[in-house]
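Throughout, a chain's letter reflects where its sequence line sits, starting with A, and its residues are numbered from 1.
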Amino acid sequence: MTPRYWLMKSEPDVFSIDDLARRGTAGWDGVRNYQARNFMRAMKIGDQAFFYHSNARPPGVAGLMQVCREAYSDPTQFDPRDDHHEPRATRENPVWSQVDVRFVRKFSRLLPLDELRGVPALSELALFRRSRLSIQPVAPAQWAAVLVLAGLTPE
DNA sequence: GCCAACGTTGGC
DNA sequence: GCCAACGTTGGC
């Protein structure tokens, strides 16, 4: 099956692409938005994703990663001391999900939001229209256009 | 089920 | 740090 493409945001002060590069894989926990959660639940092993640095100077796409474990219960929802604790969640009926991702590569330069805005092929990116959605689908043509900006040729 | 108040995201 | 956008909560 053709892999699909996504964009996933993280604040680099909290978790950056360098953190992911060091660790190799990581659980994408802490997502507390239903639409973003539902996108994660739709992800399949092998799906590819942009690692987007949000709340950064400048914000932008930092590199690539790959889904290596499909959606499962986000354990932080059960921890009363965690910022992401979810009082409504029980082990039997969890509310929030996460996937695991594997580091693929860091771009040789960050592709700033400003630059992405100027690319006609990317004008429909959800990033520009649904600014608060932390996980969003990316169309194949959009994926390819970003790889070109990054100096990589689509495979 | 409406909608005002509130909280969070995230660019600037 | 500000604040616009927008998702969520809760009173009615």
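- The 5' end of DNA chain C is approached more closely, in terms of each residue's nearest nucleotide, by A:Asn55 than by the other of A:Tyr34 and A:Asn55.
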Exercise. Kindly determine whether A:Arg32 and A:Asp83 satisfy salt bridge (Lys or Arg N to Asp or Glu O under 4.0 Å), including the steps that lead there.
Key: CA-CA 11 Å; A:Arg32 295 295 180 269; A:Asp83 282 346; over 6 Å; no

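- Under 3.5 Å, the side chains of A:Glu86 and A:Trp96 contain a donor-acceptor pair of N or O atoms.
- Only one option out of A:Arg129, A:Gln35, A:Met8, A:Lys9 pairs with A:Gln136 in a side chain to side chain contact (heavy atoms under 4.5 Å, CB included); it is A:Lys9.
- At the heavy-atom level, A:Tyr52 lies under 4.0 Å from the strands shown only through sugar-phosphate atoms.
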Quiz item: Run the ring-ring contact (aromatic ring centres under 6.0 Å, His included) check on A:Trp6 and A:Phe50 step by step: do they pass?
Solution: CA-CA 6 Å; A:Trp6 308 92; A:Phe50 292 129; over 10 Å; no

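- Residues near A:Phe78 contribute nothing to a hydrophobic cluster around it, because no ILVMFWY side-chain heavy atom sits closer than 4.5 Å to its side chain.
- Chain A approaches DNA chain C within less than 4.0 angstrom (heavy atoms of the protein), and the contacting nucleotides run 5' to 3' from C:dA5 to C:dT8.
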